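Read through the structure below, which is laid out as structure tokens, and then see the notes.
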Amino acid sequence: MKKKILIMLIGGVILCSTNFLYAQQEDTKGGFGSPDQVERQLDDDNQKKQPFFELGFMQPYFDFKANLKQNKGFSYGLDYSSAYFSANQSLGEKSAGGGMVRFYGSWDLIGKGAKNTGAFIFKVEHRHKYGPISIKNLGFEMGYVGLELPPFSNDEFRMTNFYWRQRFAQGRISMAVGLLDATDYLDVYGLASPWMHFMNFQFSTGAETMFLPNDVNLGIAIAGYITNNVYAIAGLNDTNSDPTKPFNSFETFFSKNQYFKSIEVGWVKSRDRHFFDNIHLLYWHSDGSEFQASSSGWGLNFSGTWFVQDKFMPFLRGGYAKDGGSLLQKSLVGGFGWYQSSNSHLLGGAIGWGEVNESTWGPDLNDQISMEIFYRMQLSSKFAITPDLQYLINPALNTTVNSIFLWGIRARLVL
């Protein structure tokens, strides 16, 4: 029965996508992708910025990369990110540090230079901790129900992307199929990247009220524009994937029959402003996950962002979850990003309220308040450093304190 439902869902998504024929603009760059989607990340890496200094001696290397993309359709990035956090109160460890090296790229193999391009997308990583715990686990050490920089784990060698991205109908429809990271297209907005923006995950994808399958899960996502301004995205993902054993998802997808399904409908000012001027509503359902030991559930998420004069981006986001293994069952967050100069120095601030998911953590726990402010300094076009301050009120699993003060710093070098 589940396989029949699965086939019907995929067929329905493809059938619906054929109706998205009204948009007139070309789908460019990462299309519907988040700031972390490989093609968008590559585009941001290559954007002109206004830093404090430049690595002029590296220009021949960057010219080589540009020529490789122009002549062969192959574009790649190599970066290293590092972060450290320290808290004034904790049930266990008070500090954590970690880093990761990533190699990612996009290779246009079909229709290079045309609108209906087909590209192979990949990303491999090594994630490592510096001390006894990873940054990903620091929140729980403090007794806070939440994640700090969740990608900064201790998975070591792992994969995040290995899929085919195809565009249809003169670039008006996009499909991704293969080993996906659902956060590349789910609940997208312009300040969602833990490598470049907020570090508290409540201010990122799903506002911590969404079950998220492990990245590099076998899945399919199809997106298209119903009108020039209204779009829809539907996805189906395996919930039992293991990023350290990525190809096992080809087996668990069909043997476990546990899936994460989502559909998002949104309004944008224009297609090239997809994650800048974006208002959307998203429904998700999870069959649960044996690998992540989570129950089935569903939820709704909403998001509204607007980029004023390409400098100031206020946002209001939140969600509701019914079971599903999410951290929070209700969440409401608001904040802003303020670019001091084009694609460069960024000030961000946010405040969020969260009600802990009772089916995950038990009843009668405190509602949490989270506040964060950061400033990303673009020291050069390829190197940024970001100090970060957070104030966490009523950490739900720590009854010994009323608040926790957390400071951190993150650095990223891209080549």
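Given the structure is predicted, the values throughout are model-derived calculations rather than measurements.
- With a 6.0 Å radius and a threshold of 12 heavy atoms from other residues, nucleotides or ligands, Asp364 has its CG atom at or below the threshold.
- Between Ser204 and Ala192, the closest heavy-atom pair is OG-O, 2.7 Å.
- Remark: the Gln258 side chain and the Asn240 side chain contain an N/O donor-acceptor pair separated by less than 3.5 Å.
- Here the closest heavy-atom approach between residue Tyr84 and residue Ser95 is recorded as OH-CB, 3.3 Å.
- Geometrically, Arg317 does not engage Phe203 in a cation-pi contact, judged by NZ or CZ lying under 6.0 Å from the ring centre and within 45° of the ring axis.
- A donor-acceptor contact under 3.5 angstrom links the side chains of Asn237 and Asn217, judged on distance only.
- For Phe307 and Phe312, the ring centers are positioned 6.0 Å apart or more.
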Check against side chain to side chain donor-acceptor pair (under 3.5 Å), Ser174 and Gln166: CA-CA 6 Å; Ser174 291; Gln166 183 67 50; over 6 Å; no

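- Under the 3.5 Å distance criterion, with hydrogens and angles disregarded, a donor-acceptor pair is assigned to the side chains of Asp36 and Ser193.
- Under the ring-ring contact (aromatic ring centres under 6.0 Å, His included) test applied with Phe122, the options Tyr104, Tyr76, Phe103 reduce to a single match, Phe103.
- Heavy atoms of other residues, nucleotides or ligands lying less than 6.0 angstrom from CZ of Phe157 number 12 at most.
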Under the salt bridge (charged side-chain N to carboxylate O under 4.0 Å, His left out) criterion, do Arg158 and Asp155 qualify, and how do the steps go? CA-CA 7 Å; Arg158 46 115 70 199; Asp155 287 349; 3.2 Å; yes

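- In this structure a side-chain-to-backbone donor-acceptor pair under 3.5 Å is present from Thr209 to Gly206.
- In summary, Arg412 and Asp79 engage in a salt bridge, as defined by a charged side-chain N under 4.0 Å from a carboxylate O.
- A side-chain donor-acceptor contact under 3.5 Å links Gln378 to the backbone of Ser380.
- With hydrogens and angles ignored, the 3.5 Å screen pairs no side-chain donor or acceptor of Asp388 with any backbone N or O of Trp407.
- With hydrogens and angles disregarded, a donor-acceptor distance shorter than 3.5 Å links the side chain of Gln37 to the backbone of Glu39.
- A donor-acceptor contact under 3.5 angstrom links the side chains of Asp238 and Thr252, judged on distance only.
- Remark: the backbone N or O of Gly111 is not paired with any side-chain donor or acceptor of Thr117 at under 3.5 angstrom.
- Taking the six-membered ring for Trp, Phe120 and Phe162 have ring centres closer than 6.0 Å.
- Pairing each heavy atom of Tyr185 with each of Gly235, the nearest pair is OH-CA, 4.0 Å.
- Trp195 carries Arg102 over the face of its six-membered ring, with the cationic atom under 6.0 Å from the centre and within 45° of the normal.
- Judged purely by distance below 3.5 Å, without hydrogens or angles, the side chains of Tyr130 and Ser82 pair a donor atom with an acceptor atom.
- For the pair Lys129 and Phe152, the NZ or CZ position fails the cation-pi test of under 6.0 Å to the six-membered ring centre and within 45 degrees of the ring normal.
- Of all heavy-atom pairs spanning Ser326 and Thr360, the tightest one is O-OG1, 3.0 Å.
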Show your reasoning for whether salt bridge (charged side-chain N to carboxylate O under 4.0 Å, His left out) applies to Glu141 and Lys94. CA-CA 8 Å; Glu141 286 283 318; Lys94 289 186 176 182; over 6 Å; no

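- In this structure, Pro150 and Phe201 approach most closely via the heavy-atom pair CG-CD1, 3.5 Å.
- Of the possible polar contacts, none joining the His285 side chain to the Trp298 backbone as a donor-acceptor pair under 3.5 Å is found.
- Using a 4.5 Å heavy-atom threshold, the side chains of Thr386 and His197 count as separate.
- One side chain, Glu355 or Gln329, offers a donor N or O that lies under 3.5 Å from an acceptor on the other.
- Within the 3.5 Å criterion, the main-chain N or O of Gln368 finds no donor-acceptor partner in the side chain of Asn366.
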Walk me through whether Tyr339 and Ser344 qualify under side chain to side chain donor-acceptor pair (under 3.5 Å). CA-CA 7 Å; Tyr339 285 87; Ser344 300; over 6 Å; no

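- In this structure, Asp108 does not pair ionically with Lys69, as no charged nitrogen and carboxylate oxygen lie closer than 4.0 Å.
- Side chains of Ser331 and Glu208: a donor-acceptor N/O pair is absent below 3.5 angstrom, by distance only.
- Side-chain contact, Tyr231 with Glu264: a donor N or O sits under 3.5 Å from an acceptor N or O.
- At a cut-off of 3.5 Å, with distance as the only test, a side-chain donor of Gln41 or Asp45 sits close to an acceptor on the other residue.
- Looking at Leu91 and Thr400, their side chains come closer than 4.5 Å, going by heavy atoms from C-beta outward.
- Relative to the ring axis of Phe62, Lys382 places its NZ or CZ within 45° and under 6.0 Å from the centre.
- Remark: the Tyr225 side chain and the His274 side chain contain an N/O donor-acceptor pair separated by less than 3.5 Å.
- For Asn402, the CG atom sits in a loose shell: 12 or fewer heavy atoms of surrounding residues, nucleotides or ligands are nearer than 6.0 Å.
- A centroid separation of less than 6.0 Å is found between the aromatic rings of Phe140 and Trp361.
- Atom CH2 of Trp306 has more than 12 neighbouring heavy atoms from other residues, nucleotides or ligands inside a 6.0 Å radius.
- For Asp242 and Thr244, the side-chain atoms include at least one donor-acceptor pair closer than 3.5 Å.
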Derivation of the side chain to side chain donor-acceptor pair (under 3.5 Å) call for Asn278 and His280: CA-CA 6 Å; Asn278 181 305; His280 67 251; 2.7 Å; yes

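- No side-chain N or O of Asn154 forms a donor-acceptor pair with one of Glu156 less than 3.5 Å apart.
- Under 3.5 Å, the side chains of Asn137 and Ser134 contain a donor-acceptor pair of N or O atoms.
- Side-chain atoms of Asn398 come within 3.5 Å of backbone N or O of Met142 as a donor-acceptor pair.
- When atom types are taken as modelled, the side chain of Asn229 and the backbone of Lys269 share a donor-acceptor pair closer than 3.5 angstrom.
- For Trp107, the CH2 atom is loosely surrounded, since the number of other residues' heavy atoms within 6.0 Å does not exceed 12.
- Summarising the geometry of Val230 relative to Val265, their closest heavy-atom pair is CG1-CG1, 4.4 Å, with the distance given to 0.1 Å.
- Side-chain contact of Ser359 with Asn357: a donor-acceptor pair under 3.5 Å is present, judged by distance alone.
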